[in-house]
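Let me begin by presenting the structure, written as structure tokens, before commenting on it.
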Amino acid sequence: MSTVTDVQTLRNYVGGEFRQAAVTSTLEDRDPATGELAAYVPLSGEADVDQAVRAARDAFPSWRGTPPQQRARAMMALREALDEHREELGGLVTADMGKTLDDALGEVGRGIESVEAAIGIPHLMKGENLEGVARGLDVEMVRQPVGVVAAITPFNFPAMIPLWFLPFAVACGNTFILKPSERDPRPSVRIFEVIAEREIFPPGVVNLVHGARDAVTAILDHDDIDAISFVGQASTARMVATRSAQTGKRVQALGGAKNSLVVMPDADLDKSVPAILQSSFGAAGQRCLAGSVLVAVGDEARQNEVRDALKAAAEALTTGAGADPATDVCPMVGPDSRERAERMVGEAEAAGAGLVLDGRIGGGDAGAMLAPTIVETDDHDSDMAREEIFGPVLAFVRAGDMDAALEFVNGSRYGNSGSIFTQSGDAVRQYRYGVEAGMLGVNIGVPAPVAWFPFSGWKDSLDGDLHANGSDAVEFYTRKKVVTSRW
Ligand code: NAD
């Protein structure tokens, strides 16, 4: 165990140096598997945010004037630096957030891919032109950075999600402030240390401010921030979008999810069940693309067959520390999250839902651990069927056919992702046409982000228009200017 004196208070990174926050209040950052105290996180406020904004604003004119191919070279250097620290970053993600090492390395890899995608910025930022729109008159459109941009990120991908935003924002010529999750900010700290060690960017181009609500409020209200990228719960996303709009900022706010997995009568269960378990119980159900409602399509006998196959396979999973190679299901991010998930299971049970598999370990011994839990409900409007639990809890519902399945799926206020398991191309076409969600998987449980494509959900899973990554990131982080010329 660390002694209290070993435990560091994290520092902000502002204007090219690590600095103590002006505030003295802190939060504890603990290892979800052991409960061990790892760091104190300063709860930065207005003064800390203001310092970062000034540093970013001062750095903006020169960074904006840096040729795009030089900014792309900075991305290449960042890519190499992160690649060399892949294992270390993966280990930190496991220690701080709790997920298994394989999963952690996967997220670091996907974060690095966003850097790789941003290396293409000289191509991606090119404008358009049209010669001779009238006699002697030409029109061109150029893209320019929006200015100082901030990203506010959640706990569940503490390396990947900051890297959805930093590379594209900075490659487009903006200067950048990251406010990582206060629950697991250590991977972000390490990324910024690597940036500082290699002197990848001039001072002030990228900045890191720790904190929670006060830091976020100060960011949203600051007059000198031009755009906000946010990822987190739907209620926080709505608040961030509303407040950003009130202060005239461009905003993309990616929110929560309740993703459905539709299992058609012809699905190959030997292949589908492992993908479903990985989707629902991998990372302890704390992925924004986690499958959290299974929709078994077909007659009752087939629905029972799907339920029983899932139960048998889920029972065989091992719940434990993310660092243990034998672990399938890691701890949740903290005991408070586990208690909330268990409370929702208890409420569903009290309301008449059936416990197919009860993973509650119970009492003080559980820490942040909850084993796979499957709850069958026929109340399609219940919280179990409709609200995000963000834990290793899978709701099981039944649908007679594709139409009934789509009606259930589209009855959700969320639309982050959805998956279908089938051998029928026709079923996939119907599903793809009709389903209201931004990310779809066909015989894939987790339709994970691919950096060269836009990533986001629909409906309450996104406040704003533009998705993260891909061409949408360039669209979000640039302003278009149209010039009409006569010579
Ligand atoms: P969260 O909303 O609690 O926190 C996200 C960020 O907002 C953090 O940086 C936090 O400090 C800040 N924040 C939280 N409450 C705030 C408040 N009241 N005022 C100001 N700032 C506040 O989210 P979380 O629990 O860290 O992350 C899990 C959630 O994120 C889930 O709902 C998940 O579905 C969602 N998520 C969505 C996507 C997506 O792509 N749509 C991706 C990952 C996670």
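As the structure lists them, so they are numbered: ligands from 1, and atoms in each ligand from 1. Worth knowing before you read on, the calculation uses all heavy atoms, side chains too, and leaves out hydrogens, waters and symmetry mates.
Set against the non-hydrogen atoms of Gly256, the atoms of ligand 1 under 4.0 Å away are 32 (O), 34 (O). Residue contact check: Met239 has heavy atoms under 4.0 Å from atoms 19 (N), 20 (C) of ligand 1. Residue Ile152 approaches ligand 1 through these ligand atoms, each under 4.0 Å from one of its heavy atoms: 6 (C), 7 (O), 9 (O). Interface of Leu254 with ligand 1, defined as ligand atoms under 4.0 Å from a residue heavy atom, comprises 39 (C), 40 (O), 41 (N). Interface atoms of ligand 1 facing Val231, defined by a heavy-atom separation under 4.0 Å, are 5 (C), 36 (N), 37 (C), 38 (C), 39 (C), 42 (C), 43 (C), 44 (C). When each atom of ligand 1 is checked for a heavy atom of Glu388 under 4.0 Å away, the hits are 31 (C), 32 (O), 33 (C), 34 (O). Ligand-side atoms of ligand 1 in range of Lys179: 8 (C), 9 (O), 10 (C), 11 (O), range being under 4.0 angstrom from any heavy atom. The atoms of ligand 1 that sit less than 4.0 Å from any heavy atom of Asn416 are 39 (C), 41 (N).
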Any chance you could lay out the salt bridge (Lys or Arg N to Asp or Glu O under 4.0 Å) test for Arg238 and Asp460, step after step, and finish with the verdict? CA-CA 8 Å; Arg238 181 59 50 89; Asp460 281 2; 3.4 Å; yes
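With contacts defined as side-chain heavy-atom distances shorter than 4.5 Å, the pair Arg398/Asp378 does not qualify. Side-chain contact between Val297 and Phe421 is absent, with no heavy-atom pair separated by less than 4.5 Å. Asp29 places a side-chain heavy atom less than 4.5 Å from the side chain of Arg186.
Partners of Phe155 by ring-ring contact (aromatic ring centres under 6.0 Å, His included), not counting sequence neighbours, listed by chain and number: Phe390.
Note that the CZ atom of Arg79 and the CD atom of Glu113 stand 9.5 Å from one another [nearest 0.5 Å]. The distance from atom OG1 of Thr175 to atom CZ of Phe201, rounded to the nearest 0.5 Å, is 11.5 Å. For the atom pair Glu28 CD and Tyr40 OH, the distance stands at 5.5 Å (nearest 0.5 Å).
At the shortest separation from atom 26 (O) of ligand 1 among protein heavy atoms lies Phe155 N, 3.1 Å. When only non-hydrogen protein atoms are considered, atom 7 (O) of ligand 1 lies nearest to Phe230 CE1, 3.3 Å. The nearest heavy-atom contact from the protein to atom 27 (O) of ligand 1 is Pro154 CB, 3.2 Å. Looking only at heavy atoms of the protein, atom 12 (C) of ligand 1 is closest to Val216 CG2, 4.0 Å. For atom 41 (N) of ligand 1, the closest heavy atom belonging to the protein is Gly255 O, 2.8 Å. The single protein non-hydrogen atom nearest to atom 40 (O) of ligand 1 is Phe455 CE2, 3.2 Å, given as residue, atom name and distance. Of all protein heavy atoms, the one closest to atom 10 (C) of ligand 1 is Glu182 OE1, 3.4 Å. Scanning the protein for heavy atoms near atom 42 (C) of ligand 1, the closest one is Cys288 SG, 3.0 Å.
Between Phe157 and ligand 1, not a single N/O pair is under 3.5 Å apart. Checking only distances, Asn156 never comes within under 3.5 Å of ligand 1, N or O to N or O. Inclusion of Gly232 in the set of residues having an N or O under 3.5 Å from an N or O of ligand 1 is warranted. The shortest N or O to N or O distance between Trp164 and ligand 1 is not under 3.5 Å.
Counting heavy atoms under 4.0 Å from ligand 1, residue Thr153 touches it through the backbone alone. Contacts with ligand 1 closer than 4.0 Å are made by no heavy atom of Arg287, backbone or side chain. Only the side chain of Phe390 comes within 4.0 Å of ligand 1, judged by heavy-atom distances. Under 4.0 angstrom from ligand 1, the non-hydrogen atoms of Ile161 all belong to its side chain.
Residue contact check for ligand 1: Gln286 places no non-hydrogen atom closer than 4.0 Å to it. Note on ligand 1: Val333 sits outside its first shell, no heavy atom being nearer than 4.0 Å. Taking a 4.0 Å cut-off on heavy atoms, Ala257 registers as neighbouring ligand 1.
Aromatic ring pairs are classed by plane angle as parallel below 30°, tilted from 30° to 60° and perpendicular above 60°; the pair Phe192 and Tyr13 is perpendicular. Classification of the Tyr477-Phe165 ring pair by plane angle, with boundaries at 30° and 60°, yields perpendicular.
A salt bridge (charged side-chain N to carboxylate O under 4.0 Å, His left out) with Glu387 is found for one member of Arg343, Arg340, Arg413 and no other, namely Arg413.
A salt bridge is defined here as a Lys NZ or Arg NE, NH1 or NH2 lying under 4.0 Å from an Asp or Glu carboxylate O, and Arg54 with Asp50 meets this definition. In summary, Asp226 and Arg57 engage in a salt bridge, as defined by a charged side-chain N under 4.0 Å from a carboxylate O.
Taking the ring axis of Phe230 as reference, the NZ or CZ atom of Lys179 does not stay both within 45° of it and closer than 6.0 Å to the ring centre. Figure legend: cation-pi geometry between Arg386 and Phe408, with NZ or CZ positioned under 6.0 Å from the six-membered ring centre and within 45° of its axis.
Between Leu27, Thr236, Leu289, Asn259, it is Thr236 that holds the heavy atom closest to atom 22 (C) of ligand 1.
Considering every non-hydrogen atom in both Ala313 and Leu277, the closest pair reads CB-CD1, 3.4 Å.
There is no protein heavy atom closer than 4.0 angstrom to atom 4 (O) of ligand 1.
For the 3.5 Å distance criterion, the side chains of Asn469 and Ser114 qualify, holding a donor opposite an acceptor.
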